[in-house]
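See below for the structure under consideration.
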Amino acid sequence: MDLQGELLTHPHSVYERLRDTAPVCRITGTDGTPAWLVTRYDDVRAALADPRLSLDKSHATEGGYRGMSLPPALDANLLNMDPPDHTRIRRLVSRAFNSRRTEQLRAPIRATADRLLDALGPAGTADLVAAYAAPLPIIVICELLGIPEDRRLDFRTWTDALITPDPSRPRAAKEAVVAMLGFFTELMAHKRSHPADDLLSDLIAVRDGAEDGSEGGDDRLSEDELMSLAFLILFAGYENTVQLIGNAIHTLLEHPEEQARLRKDPSRIPAAVEELARYEGPAPLAIRRFPTEDITIAGVTVPAGETVLLSLAAANRDPARFPRPDLLDLDRDTSGHLALGHGIHYCLGAPLARAETEIALAALLERCPTLEAASPAPRWRPSLRARGLTELPVRYDTARLRH
C-alpha cells in the first residue's frame with residue numbers, strides 16, 4: 001500500500017483509518033522499499049519494548065527499508081544498536097542529559113530565549129520557526145557540546161537536507177553527509193588539541209583514556225562510535241526539539257482559548273507540553289526495527305528481517321488509550337504518551353527537550369501579549385521522518401524585559 005502522499009497531507013485521518021481497518025499494514029517506505037506500519041497504541045507500546053525487534057541493520061533482509069544511509073563513522077550510533085553496545089554507550093552520555101543537569105541549564109536557556117525575542121523588535125510579523133523555534137535548540141545543544149558559533153548555521157542546513165530531501169537537488173543529502181563527516185573529523189581533532197569544559201571534550205577524554213588504559217574500564221568507545229555519538233547528540237538534540245517547540249506554538253495559535261489559559265496561569269505549561277507533544281509530536285515514526293525472528297503483531301505475522309515502522313503519531317491519537325484524541329485538552333491525563341518513545345530507546349534528551357519547550361513557551365507568552373497567525377499559512381515539512389513546520393508566520397507585540 002502506497003500511503004506516502006496521504007500521510008504527508010492528511011496524516012491523522014490516514015492513521016485513524018488504518019487503526020480501524022489495518023492496524024498492521026504493509027506499506028511502501030520513504031525510499032520505495034516495503035515496510036510494515038503499526039498504528040494502535042497497545043501494539044506500538046509493546047513493540048517499542050520488545051527485544052525481538054532489533055535496531056541493528058545486520059538483521060535486515062535485502063530489499064527492505066533500512067532508513068537513513070550514513071557512512072560507518074556516523075552510523076555507529078544508538079539508533080542502530082541493541083544491548084550490550086547500546087547500554088554501554090548510552091551510559092556514557094546519560095549523565096549529561098539527566099534531570100539535575102537539565103535544571104542547571106534552565107537559566108541559560110531562558111536567557112537565550114529572551115535574546116531571540118529581543119531580536120524580533122517591538123511589534124510586527126515574523127517567522128517563528130526561523131527566528132525562534134529553530135535557533136533556540138541549536139544554540140543550546142551546540143553550547144552543551146562546545147561547537148563554535150560560526151558552524152551552527154551549517155549544521156541546520158545539513159539536517160534539513162537529510163530530513164526533507166529536495167527532489168530538485170538529488171545529491172543534496174549525500175553532499176550534506178560528506179560535509180558533516182568532514183565537520184566532525186575537524187571538530188574532534190580540534191577538541192583533542194584544545195579540550196574545554198564541554199560534553200565533546202569529556203567524551204574524547206573517555207575514549208582516549210580508555211585507549212591508553214588510564215581510565216574507562218568497560219566504558220570504551222571506538223573512534224567511529226565517538227564520532228557517531230557526537231553526530232547523534234547534535235542531530236537529535238536539534239531536530240526533535242525544533243519540531244516540538246514549533247508544533248506547540250502552532251497548536252496554541254490554533255487554540256486561542258488554551259493559549260489564554262496558559263497566559264493566565266503559566267504554572268500549567270509543563271503539563272501542557274505533554275499534551276501538546278501527544279497531540280502533534282515531533283516524530284511520526286519511531287526508528288525502523290527488524291525482527292530477529294518471525295513475530296505476530298495484532299494477528300499479523302511479520303517475517304524475520306523485514307522492516308517494522310511503529311507510528312508514534314497514530315498511537316498517540318488512539319481513542320482506546322486517549323478518549324477524544326483529536327481534541328486538545330490541557331487537562332488530559334497524558335501519562336504513557338509515546339511522543340518521545342518508550343523502552344530502552346526512549347529519547348535520551350527528553351528532559352532537555354521538555355525544558356527547552358517549556359521555557360520557549362513561557363518566554364513567548366510572557367513577552368508577546370499579542371500573538372496570532374499571519375499570512376501566508378504555515379507549511380508542514382514534506383517528510384515522514386519529522387513532523388514539523390518549514391515556517392510559522394505570526395503577528396506579535398513584544399514586552400521588553402525589565403532589568
Side-chain angles (χ1 to χ4, degrees), residues 10-13 15-16 41 106 109-110 113-114 116-117 120 123 125-129 131-134 136-137 240-284 312-319 321-340 350 353-375 377-380 387-389 391-399:
H10 302 94
H12 297 299
S13 61
Y15 289 139
E16 180 180 11
Y41 178 89
R106 281 184 174 270
I109 294 170
R110 176 57 197 250
D114 282 326
L116 293 171
L117 292 173
L120 292 180
T125 60
D127 172 6
L128 283 188
V129 170
Y132 192 58
L136 178 61
N240 281 339
T241 311
V242 65
Q243 260 63 261
L244 196 57
I245 294 171
N247 294 358
I249 295 171
H250 174 255
T251 301
L252 291 177
L253 290 172
E254 290 197 320
H255 296 81
E257 303 87 356
E258 300 294 346
Q259 183 188 149
R261 292 177 67 193
L262 293 183
R263 289 182 184 279
K264 185 176 180 180
D265 184 5
S267 69
R268 298 169 54 86
I269 289 176
V273 166
E274 302 305 313
E275 169 66 353
L276 291 163
R278 179 206 68 85
Y279 185 83
E280 201 71 89
L312 308 177
N316 280 335
R317 294 216 188 181
D318 187 342
R321 176 62 183 84
F322 300 105
R324 302 178 69 192
D326 295 327
L327 173 70
L328 181 72
D329 179 4
L330 300 188
D331 295 320
R332 182 191 301 275
D333 176 8
T334 58
S335 58
H337 78 73
L338 303 176
L340 297 172
R354 283 188 168 97
E356 289 181 70
T357 307
E358 292 168 14
I359 292 165
L361 292 182
L364 185 67
L365 295 178
E366 176 188 328
R367 299 285 308 280
C368 295
T370 302
L371 185 67
E372 59 186 13
S375 296
R379 291 190 302 148
W380 293 99
R387 176 67 171 169
L389 296 158
E391 57 185 19
L392 180 55
V394 299
R395 285 186 294 272
Y396 68 92
D397 290 321
T398 60

For a quick test of reading the model, state the closest non-hydrogen atom pair linking Leu244 to Ala277 and the distance between them.
CD1-CB, 3.8 Å

Side chains of Leu328 and Glu275 in contact at under 4.5 Å (non-hydrogen atoms):
yes

Asn247/Leu276 under side-chain contact (heavy atoms from CB on, under 4.5 Å): CA gap, chis, key distance, verdict:
CA-CA 8 Å; Asn247 294 358; Leu276 291 163; over 6 Å; no

Test your reading of the model: is there a side-chain donor-acceptor pair from Asn316 to the backbone of Leu338, 3.5 Å cut-off?
yes

Find the distance between CG (Leu330) and CG (Leu327) and round it off to the nearest 0.5 Å.
9.5 Å

Judged by atom type as modelled, is there a donor-acceptor pair below 3.5 Å linking the side chain of Asp397 to the main-chain atoms of Cys368?
no

Taking it one step at a time, do Leu392 and Asp127 satisfy side-chain contact (heavy atoms from CB on, under 4.5 Å)?
CA-CA 5 Å; Leu392 180 55; Asp127 172 6; 4.2 Å; yes

If we ignore hydrogens and angles and just use 3.5 Å, is the side chain of Gln259 paired with the main-chain N or O of Leu252 as donor and acceptor?
yes

Excluding sequence neighbours, so at least two apart, what forms ring pair (Phe, Tyr, Trp, His ring centres under 6.0 Å) with Phe322?
Tyr41

Step through the shown structure and confirm whether more than 12 heavy atoms of other residues, nucleotides or ligands are within 6.0 Å of CZ on Arg106.
yes

Side-chain donor/acceptor of Arg332 to backbone N/O of Pro323, under 3.5 Å
yes

Return the minimal non-hydrogen interatomic distance between Arg110 and Ala362, and the atom names on each side.
NH1-C, 4.4 Å

All pairs passing ring-ring contact (aromatic ring centres under 6.0 Å, His included) where residues 244-272 contributes a residue, at least two apart:
His250-Trp380, His255-Tyr279

Considering non-hydrogen atoms only, spot the tightest contact between Val242 and Ala133 and give its length.
CG2-O, 3.2 Å

Would you say the side chains of Glu16 and His10 form a donor-acceptor pair under 3.5 Å?
no

Do the side chains of Arg261 and Asp265 get close enough for a salt bridge, i.e. N-O under 4.0 angstrom?
no

Is there a donor-acceptor pair closer than 3.5 Å between any side-chain N or O of Arg387 and the backbone N or O of Gly281?
no

Quick one: CG on Leu361 to CD on Glu356, what's the gap to the nearest 0.5 Å?
11.5 Å

Sub-3.5 Å donor-acceptor pair from the side chain of Tyr132 to the main-chain atoms of Ala126, do we have one?
no

Would you say Arg263's side chain and Glu366's backbone share a donor-acceptor pair under 3.5 angstrom?
no

Taking all atoms of both residues into account, what is the closest heavy-atom pair of Ile109 and Leu136, and its distance?
O-CD1, 4.0 Å

Quick check: do Ile245 and Leu128 have side-chain heavy atoms less than 4.5 Å from each other?
no

Can you name the nearest heavy-atom pair linking Thr241 to Ala353, along with the distance?
OG1-CB, 3.7 Å

With a 4.0 Å cut-off on N to O distance, would you call Glu274 and Arg354 a salt bridge?
yes

Whether the side chain of Arg278 engages the backbone of Pro325 through a donor-acceptor N/O pair (distance < 3.5 Å, no angle test) should be reported.
yes

Once you round to the nearest 0.5 Å, how far does CZ of Arg268 lie from CG of Asp331?
4.5 Å

Closest approach of Leu389 to Gly246 (non-hydrogen atoms, all atoms of both residues):
CD1-O, 3.9 Å

